Amino acid sequence: MATSNKRLQKEITDILKTPPTWCTAQVVGDNLHKWKATVIGPENSPYEKGNFEIELDIPVDYPFKPPALKFTTKIYHPNIKSDGTVCSELLSQNWSPQLKIFDVLTTIRLLLQEPNPESPLEVEIAQQFKNDRNAFNKAAKEYCKKYAK
Amino acid sequence: MDFDYDLQQQEIAVLKSIFADSFHQHSTKKVVEENGDEYYKADIRKSREEISYDPTNEDCYFQMKITLNLPEDFKVKVKRSDLVNNSISTTTTTTTSTTSRLSLGHAGHDEKKEDESEYIEYAIVSLPCLSLNFQYPQNYPQESAPLFQLSCSWLTIDQMERIVEHLDTLFDKGELVIFKYIDWVKDNALDYLGLGNELLLTNDPINSDFELIGSRAQWEHEYNWVSMLSVLPRILSHNSHESKRLFSLNSHTCPICYCDYPASEMTILQCNHFLCNECLSATCNINIQSKNIQLLKCTEPDCPQTFDINTIQHAASADNFAKYQDLVKLSKGYTKCTNCPNGWAFIDVHTQSTFCSNCYFSKCLMCTNGFHPGVYCEDVGRAPTPINKANLMVKRDKSNQKLKDKIQEFQAVKQEEWKNRNFMDRRCKPCPYCHMMIWKYDGCSKMACTNCSTKFCFICLKIIQDYSHFNTGTCQLFELETPVPVFTIPTKLIQEFTQQSNDCGAMKCLRCRSLIARYKFNNHLLCFSCKTEMCYQCKTIINSGTKHYTTSSCQQHGDPTPVATTTTTQPKTQ
Ligand SMILES: [Zn+2]
Ligand SMILES: [Zn+2]
Ligand SMILES: [Zn+2]
Ligand SMILES: [Zn+2]
Ligand SMILES: [Zn+2]
Ligand SMILES: [Zn+2]
Ligand SMILES: [Zn+2]
Ligand SMILES: [Zn+2]
């Protein structure tokens, strides 16, 4: 607990001091273990210009355990469930306690840029991504327009 | 002259006091034995010992071992293609830039990318020393410069000669110059040679037999060195030794908790990355508890160095270390035997059973009874029935439409029943770690036990860490069709069927003793219980893929017929 609080305090200070251009992050209330972040959809992806809100639940074991993520903005993506949950494996597989919340957000952005249809949470979207990219892009864009303002 | 001598003595005294261990005196002493034989004996004195400077002894010289100052990001580079056939095994630090420090797991495709870079780079904090050997002429420093020679293992003769030439320009008459030499070599030589940030070791052959007599530059090499690349192991071992020594001198900031600790409270890994002992313990204990043993590794993202077993033993609690050793076994396809206290049972994927080599107990993985090949889990303990035989025939007789329809109808009813039933079946398997039965209702074959969160492959019941298992083995991440349980066929159907089909004979499985029926006189039999293949004719086990019927006297179809009556095989004449 001591380690996680010290880390989180420093991380939020660093982010507020030099805010990144493509994301925001803030602590919810005075609970250091709950964060709210937004990631802007990367250019040249169907999510371009979308604002995706993400809730981060940071465990007491942080940074030895990764945070849990949930999209609160609806998104059409093979690796993100329709209820917004992201496969916990995504982060836990290659997690290192040296990684920060900022690295987690970078990973999310990368996932928007390059979906991974090989280990999908939404099997049908993954099939479409593989077999009919145009239809996939179209649907993802529509969702983005409708929900990710 | 005496003035020169005094200055010389002065310089030696200062060098001695400042450089201590890296300053030596070499001299050769003539020894005359009683019988009149003479020989020379090399005498090396470190500055810790008393150095007696004798300006008249021409064989006496001083040696200053200079450690060059390197910039923080200094690297030694070698061409990957030069190392292909070389077997120097060391952790490499590559500079492939990744946009995210956390790679998106699932498959190990990131490592491939690194392999493609043209150079392998090694981060280096210290290079082996460069030696400055010098002697004073009698009129140094008033008239002449000192006589000197350089030697080094990782610079070419040409590079050293350029340094020598530059050192010559540093001498001004009347000034003591050795310090100036040392300082310049320490701080400026690399930049001067254009090696400011990196040293490239090429594999161009060097003829080390050829040594320039009287040259003031010497390549320090071993007899079997062929190129500058040969020095790489020496550089790497020197570097890791030095970086550990340097590390131990200071306190450091832990990259995880951001606290400062003296080196004694930190652990430095073989890759030279480090972390504090507290964070090391937390990493070990937490990841063992959540069974992520693949994360027992250097915490630097992208560094592949794993913790060695001693590190884990020291850092983890005794309980967790025992657990860790179990997990390693489990990941290799073993499970704890439930029949004896210390045994480990091997999991046989094909038969879905385990075998303990300690107590010889074999267990069915579907129902946890003793292995019962040839009998359905539900039927264990009941009187045997000829179900297998009928099952086999039904499965194979695709031509019998009437029977097929009946079976389908029967199975449809059974499946409907099955959907509503909640008993153990093929979709319910025991966790290989805690034996809790886990029900798989959808999703991929990578399962996590709801009881102990062990991750395992639902198909082969091995403990796995990531999805790579599904890329390499035979197990599929997504089963293409929902597994349909095999249903027992009622006796009425069996009787009906056995009347219809000609009895072509049956035999007991040579391995598990369950009854196998021969179908349409095909002598190649497959046991549906244990998947063993055997020959009906010679009653031996045959391996799939062997050419039993082309290499032995057995025929695949029919019963052996006497040789004399083989008229039917003769070609028909028109
Ligand atoms: Zn620490
Ligand atoms: Zn490392
Ligand atoms: Zn046993
Ligand atoms: Zn069973
Ligand atoms: Zn379990
Ligand atoms: Zn498997
Ligand atoms: Zn058998
Ligand atoms: Zn045979």
Side-chain angles (χ1 to χ4, degrees), chain A residues 1-11 13-14 22 39 42 59-67 69 78-79 81 86-124 126-127, chain B residues 98-111 253-259 273-276 278-292 294-305 442-448 453 455 464-468 470-471 477-478:
Chain A
M1 194 70 170
T3 302
S4 76
N5 282 347
K6 187 172 172 184
R7 275 276 308 247
L8 290 168
Q9 195 63 60
K10 182 163 165 29
E11 287 187 38
T13 317
D14 284 354
W22 54 268
V39 169
V60 284
D61 283 344
Y62 181 82
F64 302 101
K65 280 278 168 79
L69 297 177
N79 307 104
K81 261 201 165 157
V86 180
C87 181
S88 60
E89 296 292 305
L90 175 75
L91 295 177
S92 62
Q93 278 214 351
N94 293 308
W95 182 251
S96 150
Q98 277 179 241
L99 294 168
K100 300 187 221 116
I101 303 294
F102 180 73
D103 296 307
V104 171
L105 296 176
T106 310
T107 302
I108 290 302
R109 187 177 154 86
L110 209 63
L111 193 66
L112 297 185
Q113 209 156 0
E114 286 173 43
N116 178 357
E118 297 313 321
S119 44
L121 278 181
E122 292 291 337
V123 180
E124 275 165 32
Q127 289 297 339
Chain B
T98 31
T99 32
S100 165
R101 297 209 297 157
L102 174 57
S103 49
L104 290 172
H106 298 328
H109 46 69
D110 289 308
E111 285 150 40
T253 306
C254 171
I256 296 170
C257 61
Y258 305 153
C259 298
H273 294 125
F274 55 84
L275 70 172
C276 82
E278 251 174 72
C279 287
L280 175 68
S281 285
T283 298
C284 287
N285 287 325
I286 289 174
N287 284 315
I288 291 171
Q289 262 152 20
S290 60
K291 307 198 169 53
N292 285 312
Q294 89 280 12
L295 293 181
L296 297 184
K297 63 177 277 291
C298 175
T299 56
E300 186 70 27
D302 289 339
C303 177
Q305 182 69 51
D442 75 348
C444 62
S445 305
K446 183 173 182 289
M447 299 292 290
S453 74
K455 293 178 202 70
I464 56 175
Q465 301 298 341
D466 53 45
Y467 290 92
S468 61
F470 301 100
N471 302 332
L477 184 56
F478 287 95

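All of these numbers come straight from a predicted model, not from anything done at the bench. Each chain gets a letter, A, B and so on, in the order the sequences are listed, and its residues count up from 1.
- Residues B:K455 and B:N292 have side chains that bring a donor and an acceptor to within less than 3.5 angstrom of each other.
- In this view, B:Y258 satisfies the ring-ring contact (aromatic ring centres under 6.0 Å, His included) rule with no residue, not counting sequence neighbours.
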Inset, instruction - Dump the intermediate steps for side-chain contact (heavy atoms from CB on, under 4.5 Å) on A:W22 and A:L105, then the final yes or no. - result: CA-CA 10 Å; A:W22 54 268; A:L105 296 176; 4.0 Å; yes
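- Contacts between B:L295 and chain A at a heavy-atom distance below 4.5 Å involve the side chain alone, from C-beta outward.
- For B:F274, the ring-ring contact (aromatic ring centres under 6.0 Å, His included) partners are B:F247, B:H252, not counting sequence neighbours.
- Residue B:K297: no heavy atom, backbone or side chain, is found under 4.5 Å from chain A.
- Both the backbone and the side chain of A:P97 come within contact range of chain B, judged by heavy atoms closer than 4.5 Å.
- With a threshold of 4.5 angstrom between heavy atoms, B:C298 does not approach chain A through any atom at all.
- Of the atoms belonging to B:C254, not a single heavy atom falls under 4.5 Å from chain A.
- Taken from CD1 in B:I256 to CD in B:E300, the straight-line distance is 10.0 Å, to the nearest 0.5 Å.
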